[in-house]
Amino acid sequence: MVGRLIAAGPQDRPPVIGVAGSQGSGKTTLARKAAEAFGGVQLSLDDIYLTRGERADLALDIHPLFATRGPPGTHDLGLLERTIIALSNADPDSETPLPVFDKLTDDRLSEDDWSRFRGRPRVILIDGWCLGALPEAADALATPLNILERKQDPDAVWRKAVNDAAGARYLALADRLDARLYLRAPGFDTVLDWRCEQEESLRGRPLTPEERHGIADFIQYFERLTRRMIDGGVRADVIVQLDRNRLPVTITS
């Protein structure tokens, strides 16, 4: 599947392919394994978040919820674009720095601690949960979708800003990709299960009820756009419908 997208891409530079999907869908694993298989490089939106200080400024200037990384508006898309250009123009001896974000400290590592990619990749794969998300109509934002929006964004300032970002720079990013692949979850309820499974794998033990509740609270930041994408509001060339076990049911293009 990814191989066909690479073959259909440009021949004079590395094709840039986006892999989108909800939390826990397997998008990062797919992008990483494809990069390894085809001599490419994998970049993740999770590694180009704005720094903690930059998000704190957004929280002061726009809305306090922007202190939390994740939604459109909390990424440094300029950094991503510069990295794509550097990789595309690399020669065999080039070493291109790849941004790394440390989720434990909630901040981007200094460039000295970034990984390096040597040479020119055969393909550039970018994974991100909101790649290709289509913005909602303004009137759809009026009614809060969950407790987070109802209690912390009653005037819809945050969700309007997120929606505007999705429809501007993030959609422009999706449009500049050579191909877009979307891993579609069966429904938003599955996303919580997948995210909890991820966390249990990292911790090596089952989650407590309190920990699962905390994850349920956190994914409310992503709920509106995730539901929008699952319902068809996504720009994608290939859509892979997954079942609850992350196995493909159908592939449409």
S.K.: Could you check Asp46, Asp47, Asp76 and say which one makes a salt bridge (charged side-chain N to carboxylate O under 4.0 Å, His left out) with Arg108?
M.R.: Asp76
S.K.: How long is the gap from CZ on Arg176 to CG on Leu80, to the nearest 0.5 Å?
M.R.: 8.0 Å
S.K.: Treating Ile, Leu, Val, Met, Phe, Trp and Tyr as nodes and any side-chain heavy-atom pair under 4.5 angstrom as an edge, say whether Leu65 and Val162 lie in one connected cluster.
M.R.: yes
S.K.: Go through the steps for Asp113 and Val100 under the test side-chain contact (heavy atoms from CB on, under 4.5 Å), then give the verdict.
M.R.: CA-CA 8 Å; Asp113 296 320; Val100 178; over 6 Å; no
S.K.: Tell me which pairs pass ring pair (Phe, Tyr, Trp, His ring centres under 6.0 Å) where either residue lies in residues 83-112, with sequence neighbours left out.
M.R.: Tyr49-Phe101
S.K.: Would you list the pairs meeting side chain to side chain donor-acceptor pair (under 3.5 Å) in which at least one residue belongs to residues 13-23, sequence neighbours left out?
M.R.: Arg13-Asp178
S.K.: State yes or no: do Leu79 and Leu98 share one hydrophobic cluster built from I, L, V, M, F, W and Y residues joined by side-chain heavy-atom distances below 4.5 Å, directly or via other members?
M.R.: yes
S.K.: Before giving the answer on side-chain contact (heavy atoms from CB on, under 4.5 Å), spell out for Leu77 and Ile48 the whole-Å C-alpha distance, their side-chain angles and the decisive distance to 0.1 Å.
M.R.: CA-CA 7 Å; Leu77 298 187; Ile48 55 99; 4.1 Å; yes
S.K.: Verify the distance criterion only: is there a donor paired with an acceptor across the side chains of Asp193 and Thr190 at less than 3.5 Å?
M.R.: no
S.K.: Are Gln152 and Gln220 close enough, and set up right, to give a side-chain contact (heavy atoms from CB on, under 4.5 Å), and what steps lead you there?
M.R.: CA-CA 11 Å; Gln152 299 191 50; Gln220 290 183 48; over 6 Å; no
S.K.: Keeping Ser201 on the side-chain end and Glu197 on the backbone end, is there a donor-acceptor pair under 3.5 Å?
M.R.: no
S.K.: Using a strict threshold of under 4.0 Å (side-chain N to carboxylate O), is an ion pair present between Arg52 and Asp102?
M.R.: no
S.K.: With heavy-atom distances below 4.5 Å as the criterion, would you say the side chains of Leu125 and Val2 are in contact?
M.R.: yes
S.K.: Which residue pairs satisfy the side chain to side chain donor-acceptor pair (under 3.5 Å) criterion with at least one member in residues 32-42, sequence neighbours excluded?
M.R.: Gln42-Asp127
S.K.: Pairs under 3.5 angstrom only: tabulate donor-acceptor contacts from the side chains of residues 128-136 to other protein residues two or more places apart or in another chain.
M.R.:
{"residue": "Trp129", "atom": "NE1", "partner": "Gly70", "partner atom": "O", "Å": "3.0"}
{"residue": "Glu136", "atom": "OE1", "partner": "Arg224", "partner atom": "NH1", "Å": "3.1"}

S.K.: For residues Val16 and Ile85: do they belong to one hydrophobic cluster (side chain heavy atoms under 4.5 Å, members Ile, Leu, Val, Met, Phe, Trp, Tyr)?
M.R.: no
S.K.: With a 3.5 Å distance limit and no angle check, can you tell me whether Trp158 reaches the backbone of Pro64 through a side-chain donor-acceptor pair?
M.R.: no
S.K.: Is there a path from Trp194 to Leu30 through hydrophobic residues (I, L, V, M, F, W, Y) whose side chains come within less than 4.5 Å of each other?
M.R.: yes
S.K.: Between the main-chain N or O of Thr51 and the side-chain N or O of Asp107, is there a donor-acceptor pair closer than 3.5 Å?
M.R.: no
S.K.: Is the shortest heavy-atom distance from the side chain of Arg118 to the side chain of Asp93 under 4.5 Å?
M.R.: yes
S.K.: Side chains of Ile84 and Leu43, heavy atoms from C-beta outward: is any pair under 4.5 Å?
M.R.: yes
S.K.: Could you pull out all residues at least two apart from Thr250 that satisfy side chain to side chain donor-acceptor pair (under 3.5 Å)?
M.R.: none
S.K.: For the residue pair Arg4 and Val238, establish whether any side-chain heavy-atom pair is separated by less than 4.5 Å.
M.R.: no
S.K.: Provide the closest heavy-atom pair for Gln11 versus Gly9 in the form atom of the first, atom of the second, distance.
M.R.: NE2-O, 2.9 Å
S.K.: Would you say Arg184's side chain and Ile230's backbone share a donor-acceptor pair under 3.5 angstrom?
M.R.: yes
S.K.: Can you name the nearest heavy-atom pair linking Asp153 to Arg159, along with the distance?
M.R.: O-NH1, 2.7 Å
S.K.: Is it true that a side-chain atom of Glu149 and a backbone atom of Leu145 form a donor plus acceptor pair closer than 3.5 Å?
M.R.: yes
S.K.: Working to the nearest 0.5 Å, report the span between CE of Met229 and CZ of Arg235.
M.R.: 11.5 Å
S.K.: Apply salt bridge (Lys or Arg N to Asp or Glu O under 4.0 Å) to Asp12 and list each qualifying residue two or more places apart in sequence or on a separate chain.
M.R.: none
S.K.: For a quick test of reading the model, state the closest non-hydrogen atom pair linking Phe66 to Pro72 and the distance between them.
M.R.: CE2-O, 3.8 Å
S.K.: I'd like to know if the side chain of Tyr221 reaches the main chain of Arg69, judged simply by a donor and an acceptor atom lying under 3.5 Å from each other, with no hydrogens or angles considered.
M.R.: no
S.K.: Closest heavy-atom contact between His75 and Leu45?
M.R.: CD2-O, 3.2 Å
S.K.: Can you tell me how far the CG atom of Asn146 sits from the CZ atom of Phe222, to the nearest 0.5 Å?
M.R.: 12.0 Å
S.K.: Is there side-chain contact between Ile215 and Leu192, with heavy atoms separated by less than 4.5 Å?
M.R.: yes
S.K.: Flag the pair Tyr170 / Leu225 as yes when at least one side-chain heavy-atom distance between them is below 4.5 Å, and no otherwise.
M.R.: no
S.K.: Looking at every non-hydrogen atom in both residues, tell me the closest pair between Val123 and Pro15 and how far apart they are.
M.R.: CG2-O, 3.4 Å
S.K.: Are any of the side-chain heavy atoms of Thr83 and Pro99 separated by less than 4.5 Å?
M.R.: yes
S.K.: Can you find a heavy atom in the side chain of Phe117 that is under 4.5 Å from one in the side chain of Ile124?
M.R.: no
S.K.: Is there a path from Phe218 to Leu50 through hydrophobic residues (I, L, V, M, F, W, Y) whose side chains come within less than 4.5 Å of each other?
M.R.: yes
S.K.: With rounding to the nearest 0.5 Å, note down the distance linking OG1 in Thr252 to CD in Gln241.
M.R.: 8.5 Å
S.K.: Indicate the atoms forming the closest heavy-atom contact of Arg246 with Gly24, along with that distance.
M.R.: NE-O, 2.6 Å
S.K.: Side chain of Arg180, backbone of Ala236: donor and acceptor closer than 3.5 Å?
M.R.: no
S.K.: To the nearest 0.5 Å, what is the distance between CG (Leu171) and CG (Leu173)?
M.R.: 9.0 Å
S.K.: Give a yes or no on whether the backbone of Leu247 and the side-chain of Asn245 come within a donor-acceptor separation of less than 3.5 Å.
M.R.: no
S.K.: Between CD1 of Ile126 and OG1 of Thr28, what distance do you get to the nearest 0.5 Å?
M.R.: 12.5 Å
